[in-house]
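Counting from 1, the numbers follow the sequence of the chain as shown.
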Amino acid sequence: MPTPAERFAAALELHAPDFGVELAPEHIAKLQDYYALLLKWNPRLHLVAPCTPEEFATRHLLEALLLLKHLPLNASVADIGSGAGLPIVPCLIARDDLRADLFESSQRKSVFLKEALRMVQRKNGATVLNARFETEAVPEVQFVTSRALDKFEELLPLMIEWAPAGVTFMLFAGEAMKKKIQTVLTRTQVERVPQSEKRFLLIGGQ
């Protein structure tokens, strides 16, 4: 019987084309390691809601990797409320050229993120900051991402005010939050998440 990690890898390979994602074997192996680590820590930290390996591969990981086609070579990213590492850790695994600052206010989740980056051998180009983003100096980044930030509606205006001028926001949201984001960001591009009727990736500026 296949292990959860094997089921996860098989689902990645099967559904990646639907998401326009190409993954080399070495990337799939590192994503398996990341998934195994998340399963180990999840009972203590509640990083993601319980789901099958197939659901995690599609609903969480491949959704996160939708960012890749929008990130140019050597892009720099601030990921707000990184939590389980979604969306930025999978992107860092798939693209060695990316650079990222991961903001996470929970100390225990920050420890998990550091361990995840160590496990997938991202020693350089990725920094975990155990802090609320609005208390930290604004990093020199081109993109700001967020996927599952607590109190997102309340924090979105703060995020926009805090971010560097000219930055591009890449935000995941459901139907209700999509409409609210569109009222705040200009030139918003909306992309429906494959295999979902209710999830969207919104890309826009200040």
Side-chain angles (χ1 to χ4, degrees), residues 4-5 8-9 11-12 15-16 19-21 23 27-28 30-71 75 77-95 98-106 108-120 122 125-130 133 141 143-152 155-156 159 169-174 177-178 181 191 193-196 198-203:
F8 165 75
L12 273 185
H15 297 286
F19 289 76
V21 172
L23 294 169
H27 296 144
I28 292 176
K30 287 184 178 181
L31 291 168
Q32 282 182 290
D33 291 340
Y34 165 61
Y35 176 57
L37 184 70
L38 188 143
L39 287 182
K40 179 181 176 181
W41 287 62
N42 206 42
R44 287 176 285 162
L45 300 188
H46 308 291
L47 297 164
V48 296
C51 62
T52 67
E54 293 80 9
E55 287 173 326
F56 186 80
T58 55
R59 186 155 56 92
H60 292 296
L61 202 141
L62 287 173
E63 176 178 300
L65 291 175
L66 286 175
L67 295 182
L68 292 181
K69 63 185 177 184
H70 301 289
L71 292 170
V77 182
D79 187 55
I80 308 300
S82 296
L86 300 164
I88 198 61
V89 169
C91 294
L92 289 168
I93 291 172
R95 290 265 303 275
L98 299 179
R99 300 292 176 263
D101 292 319
L102 288 67
F103 290 85
E104 175 50 55
S105 60
S106 164
R108 294 199 300 166
K109 290 179 181 179
S110 295
V111 173
F112 165 78
L113 290 168
K114 290 176 183 177
E115 177 63 14
L117 292 172
R118 185 197 66 78
M119 176 174 281
V120 301
R122 279 306 299 250
T127 303
V128 177
L129 295 97
N130 178 206
F133 72 89
V141 296
F143 299 89
V144 172
T145 61
S146 186
R147 184 172 183 267
L149 185 65
D150 288 339
K151 301 180 180 177
F152 184 81
L155 291 174
L156 179 60
M159 193 187 306
F169 291 88
M170 307 173 82
L171 309 172
F172 291 92
M177 188 56 63
K178 172 176 76 77
I181 292 172
E191 180 178 341
V193 173
Q195 302 186 11
S196 173
K198 300 179 180 179
R199 292 284 295 168
F200 303 89
L201 170 61
L202 291 92
I203 302 172

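Donor-acceptor pairing under 3.5 Å is recorded for the side chains of E191 and H70.
Using cut-offs of 30° and 60° on the angle between ring planes, the pair F8 and Y35 is parallel.
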Evaluation steps, salt bridge (Lys or Arg N to Asp or Glu O under 4.0 Å), between R59 and E54:
CA-CA 8 Å; R59 186 155 56 92; E54 293 80 9; over 6 Å; no

Audit row: W41, K109, side chain to side chain contact (heavy atoms under 4.5 Å, CB included) steps and yes/no:
CA-CA 9 Å; W41 287 62; K109 290 179 181 179; over 6 Å; no

Show your working on side chain to side chain contact (heavy atoms under 4.5 Å, CB included) between V193 and F200 and close with a plain yes or no.
CA-CA 5 Å; V193 173; F200 303 89; 5.6 Å; no

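Separating the OG1 atom in T145 from the CG atom in L171 is a distance of 8.0 Å, to the nearest 0.5 Å. Within the model, atoms CG of D33 and CG of L38 stand 12.5 Å from one another, a figure rounded to the nearest 0.5 Å. Atoms CZ and CZ, on R99 and F143 in that order, are 14.5 Å from each other to the nearest 0.5 Å. Taken to the nearest 0.5 Å, the NZ atom of K114 stands 9.5 Å off from the OG1 atom of T127. Taking CG from L47 and NZ from K40, the interatomic distance works out to 13.0 Å, rounded to the nearest 0.5 Å.
Of the residues N42, L37, V128, the one that meets the side chain to side chain contact (heavy atoms under 4.5 Å, CB included) test with F112 is L37.
Looking at F103 and S82, their side chains never come closer than 4.5 Å, going by heavy atoms from C-beta outward. A 4.5 Å side-chain heavy-atom check between F133 and V144 finds every atom pair outside the cut-off.
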